[in-house]
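Predicted model, so just to flag it, every value in this text is computed and none were measured.
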Amino acid sequence: ISRLMQSTDPNPSARAGRVLLVDDDAELLDLLRDYLGREGFAVTCAHDGAQGVAAALAGSHDIVVLDVMMPGMNGIEALARIRAQSPMPVLMLTARGDDADRIVGLELGADDYVPKPCTPRELAARIRAILKRAGPAAPGATQALVAGGLCLRPAQRLAELDGRPLELTSTEFSLLELLLRHAGTPVGKDALSREALGRPLARFDRSIDVHVSKIRQKLGPLPDGRPRIVTVIRKGYQLVAA
């Protein structure tokens, strides 16, 4: 086993998911690796951003948990490099109260964040929530959803806009799916957070706003110039049913 990278692999038949932990805090990594291993995850640890990027892009993990504050290549740069080549789920570990890093991370395509210090239990719950929404759709969700040139196929987690593939992160797909299922009707931010992020909306939490902004950029406007997703004051966001 490499001094810089270690893994623990529980019974594959009971595996909850393959997790890559990237953090320069060796003591914290040991704690999280042991806890997640007991929870049924297969865990690999990397101690710096460059090694974390290489491991993430190797294609052998289901999710990356990436610390922002690391020497050398920090978590923001590592996230950008991962996102340039892969839509795999990424959960950021950020300093408590550091809204700037959170917003930058979300704008670069992070699926969600957990403020440090965090408990292993909280991290495991957040990982499960992300992997659940990134996995296969539930039975009965196989029918394609279509509106205004937009087509989502939940069973395959595929999206198209005017017949062309639309690249979305797992969180963006979940948010867009929820808005599409309620096209023409506003969906509240708390409902979006609970359904798409797997957690209630916290006070001053801008995660949903940043994700929706990214989705708007990827969708572009309707042919008549209207935005495809509009903000409905005090009610949330609404996908225009064109």
Side-chain angles (χ1 to χ4, degrees), residues 1-79 81-83 85-96 101-102 105-106 109-138 157 169-171 174 194 196-200 207:
I1 300 177
S2 167
R3 183 175 62 86
L4 293 179
M5 179 174 290
Q6 300 175 321
S7 64
T8 179
D9 192 353
N11 182 351
S13 64
R15 185 178 295 169
R18 300 168 300 172
V19 180
L20 173 63
L21 299 175
V22 186
D23 197 316
D24 64 318
D25 186 336
E27 184 176 349
L28 176 62
L29 284 184
D30 287 342
L31 172 66
L32 296 178
R33 183 187 64 229
D34 291 346
Y35 182 88
L36 294 174
R38 291 195 300 270
E39 290 293 302
F41 293 96
V43 183
T44 300
C45 295
H47 292 248
D48 62 67
Q51 189 176 43
V53 171
L57 297 179
S60 57
H61 301 93
D62 299 313
I63 186 171
V64 180
V65 178
L66 184 61
D67 183 39
V68 170
M69 297 298 295
M70 291 185 291
M73 183 189 297
N74 64 29
I76 296 299
E77 184 180 350
L79 171 63
R81 295 194 182 193
I82 292 170
R83 272 291 167 265
Q85 300 184 53
S86 172
M88 71 181 302
V90 177
L91 178 64
M92 302 295 292
L93 295 178
T94 66
R96 189 173 299 276
D101 279 341
R102 296 176 187 176
L106 293 172
D111 289 84
D112 204 356
Y113 65 85
V114 174
K116 294 173 69 175
C118 65
T119 65
R121 181 178 181 181
E122 178 186 6
L123 182 62
R126 199 69 64 83
I127 291 171
R128 286 196 180 93
I130 293 175
L131 291 179
K132 180 179 179 180
R133 66 174 180 259
R157 302 287 290 183
T169 67
S170 62
T171 295
S174 297
R194 289 179 183 276
L197 299 183
R199 58 179 174 84
S207 300

Minimum heavy-atom distance Ala26-His47, with the two atoms named: CB-CE1, 3.7 Å
Residues that Ser207 engages under side-chain hydrogen bond (donor to acceptor under 3.5 Å, both in side chains), provided they are two or more places apart: Arg199, Asp205
Minimal non-hydrogen separation, Ala95 against Arg102, with atom names: O-NH2, 3.7 Å
Gap separating the CG atom of Asp34 from the CD atom of Glu39, nearest 0.5 angstrom: 12.0 Å
Heavy-atom pair of closest approach, residues Ala16 and Leu131: O-CD1, 3.9 Å
Gap separating the SG atom of Cys45 from the CG atom of Leu20, nearest 0.5 angstrom: 8.0 Å
Pairwise distance CG(Leu91) to CG(Leu93) - rounded to 0.5 angstrom: 6.0 Å
Closest contact, heavy atoms only, Ala129 versus Gly198: CB-CA, 4.3 Å
Side-chain donor or acceptor of Arg126 paired with backbone N/O of Tyr113 under 3.5 Å: yes
With Ala50 via side chain to side chain contact (heavy atoms under 4.5 Å, CB included) - residues at least two apart: Asp48, Met73
Any donor-acceptor N/O pair, Ser86 side chain to Ile82 backbone, under 3.5 Å: no
Student check: side-chain heavy atoms of Thr169 and Pro87 closer than 4.5 Å: no
Main-chain N/O of Ser170 paired with Arg157 side-chain donor or acceptor, under 3.5 Å: yes
Distance in Å, Phe41 CZ paired with Leu32 CG, rounded so as to fall on 0.5 Å steps: 11.5 Å
Pairwise side-chain contact, Leu21 with Leu36, heavy-atom cut-off 4.5 Å (strictly under): yes
Closest contact, heavy atoms only, Met88 versus Asp62: CE-C, 4.2 Å
Thr171: side-chain hydrogen bond (donor to acceptor under 3.5 Å, both in side chains) partners, not counting sequence neighbours: Asp111, Arg133
Residues which pass salt bridge (Lys or Arg N to Asp or Glu O under 4.0 Å) with Arg38, listed by chain and number, not counting sequence neighbours: none
Counterpart residues, salt bridge (Lys or Arg N to Asp or Glu O under 4.0 Å), relative to Asp24 (two or more places apart): none
For the student: nearest non-hydrogen atoms of Ala110 and Met92, plus distance: CB-CG, 3.5 Å
Nearest-0.5 Å distance, CG of residue Asp101 to CG of residue Asn74: 8.0 Å
Spatial distance of atom CD1 (Ile127) from atom CD1 (Ile63) [nearest 0.5 Å]: 5.5 Å
Val19 side chain reached by Val65 side chain, heavy atoms, under 4.5 Å: yes
Could you list the donor-acceptor pairs under 3.5 angstrom formed between side-chain atoms of residues 116-124 and any protein atom two or more places apart in sequence or on another chain?
| from | atom 1 | to | atom 2 | distance (Å) |
| --- | --- | --- | --- | --- |
| Lys116 | NZ | Asp23 | OD2 | 3.1 |
| Lys116 | NZ | Asp67 | OD1 | 3.4 |
| Thr119 | OG1 | Glu122 | N | 3.0 |

